[in-house]
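A quick write-up on the structure given underneath.
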Amino acid sequence: MEALNVPMADTPVVTFWEGEIVDIKNYTFFTGKWEAMPDDDIKHWTKFPSFAPFQSQVQADGGKSLDLSNYPFIFMRWKEQYFVNVGTDCGLTIAGFYYVCFSCADVTINGFYYDPNSSPFQKLELKSANEGKTGFSFSSYELQ
């Protein structure tokens, strides 16, 4: 990702991201790291209307019995791992992570940032731009 107009950086700040897809087998709706507690997870996931059918099951057993394979939404967590082209003194932080939901129907990505030391529920919205390519394009990012 590239952050533009960062006051303490002469060039755009590039960060490297990694993600987790909530598939119940490898990753559940409970984060279990990055200072996120189960209550934080529920508060963030419930910001997505598409999570509503799962809320009671997730609160009961973490959603371990859910089958998300045919659900038209993909739930993820995105975490910035490090700055690519600047030092940590650039004025930005990568301490938090995003709760993310990808809609297969309208090809949008919505997310909410979590960092206990930051403003709550900062929102991320990405809309696709299909430019005749296979898959979906989000600015310079593609999901295939």
Side-chain angles (χ1 to χ4, degrees), residues 1-9 12-86 88-131 133-144:
M1 184 175 83
E2 188 175 78
L4 307 173
N5 302 318
V6 179
M8 297 177 66
V13 176
V14 178
T15 57
F16 177 80
W17 291 66
E18 289 186 348
E20 301 174 348
I21 296 175
V22 175
D23 62 0
I24 305 306
K25 294 175 187 165
N26 299 297
Y27 299 103
T28 69
F29 285 101
F30 292 135
T31 305
K33 56 187 167 186
W34 304 321
E35 298 184 47
M37 303 304 292
D39 285 348
D40 299 314
D41 293 325
I42 295 297
K43 286 177 189 173
H44 283 77
W45 290 124
T46 56
K47 291 282 188 189
F48 302 106
S50 54
F51 177 77
F54 308 127
Q55 183 173 351
S56 61
Q57 191 65 39
V58 170
Q59 287 176 308
D61 71 357
K64 294 177 185 171
S65 61
L66 294 173
D67 179 7
L68 301 174
S69 60
N70 292 315
Y71 197 57
F73 297 90
I74 299 170
F75 299 99
M76 299 175 270
R77 279 180 287 272
W78 290 358
K79 173 76 173 107
E80 287 174 294
Q81 297 297 320
Y82 56 86
F83 296 108
V84 174
N85 65 333
V86 297
T88 56
D89 58 347
C90 68
L92 296 177
T93 178
I94 57 172
F97 68 97
Y98 284 89
Y99 293 87
V100 177
C101 181
F102 173 71
S103 169
C104 300
D106 65 8
V107 196
T108 58
I109 293 176
N110 288 289
F112 293 95
Y113 187 67
Y114 174 75
D115 176 354
N117 300 312
S118 187
S119 299
F121 308 115
Q122 296 174 50
K123 190 168 186 183
L124 168 73
E125 292 182 353
L126 300 174
K127 296 181 181 180
S128 70
N130 190 342
E131 299 168 355
K133 299 178 182 179
T134 303
F136 304 106
S137 174
F138 295 90
S139 183
S140 61
Y141 305 95
E142 294 185 10
L143 299 174
Q144 297 183 348

Assess the pair His44 and Phe121: is the distance between their ring centroids shorter than 6.0 Å?
yes
Are Phe54 and Tyr71 near enough that their ring centres are under 6.0 Å apart?
yes
I need the minimum non-hydrogen distance between Asn110 and Phe48, along with the two atoms involved.
O-CE2, 3.4 Å
Residues pairing under salt bridge (charged side-chain N to carboxylate O under 4.0 Å, His left out) where one sits in residues 63-85, two or more places apart or in two chains, turn out to be Glu20-Arg77
Looking at Phe73, Tyr114, Phe29, which hits ring-ring contact (aromatic ring centres under 6.0 Å, His included) with Trp45?
Phe29
Could you check if a side-chain atom of Gln81 sits within less than 4.5 angstrom of a side-chain atom of Trp17, using non-hydrogen atoms only?
no
For residues 93-100, tabulate all N or O donor-acceptor pairs below 3.5 Å that involve a side-chain atom, not counting sequence neighbours.
unit_1: Thr93; atom_1: OG1; unit_2: Ala95; atom_2: N; d: 3.1
unit_1: Tyr99; atom_1: OH; unit_2: Asp41; atom_2: OD1; d: 2.5

Heavy-atom side-chain proximity of Cys101 to Ile109 below 4.5 angstrom:
no
Closest non-hydrogen contact found for Ile24 with Thr28 is O-CG2, 3.8 Å
When you compare the side chain of Ile74 with that of Ile21, does any pair of heavy atoms fall below 4.5 Å?
yes
With sequence neighbours excluded, what pairs up with Phe30 under the ring pair (Phe, Tyr, Trp, His ring centres under 6.0 Å) test?
none
Working to the nearest 0.5 angstrom, can you tell me the gap between Met37 CE and Ile42 CD1?
12.5 Å
Side chains of Phe83 and Val13, heavy atoms from C-beta outward: is any pair under 4.5 Å?
yes
Heavy atoms of Gln122 and Ser118 approach each other most closely as NE2-OG, 2.7 Å
Heavy-atom nearest pair, Val22 first then Leu68, reads O-CD1, 3.5 Å
Ignoring hydrogens, what is the shortest heavy-atom contact between Ala36 and Thr31? Give both atom names and the distance.
CB-CB, 3.9 Å
Distance-only donor-acceptor check, side chains Thr46 and Gln55, under 3.5 Å:
no
With a 4.5 Å cut-off on side-chain heavy atoms, are Thr108 and Phe102 touching?
no
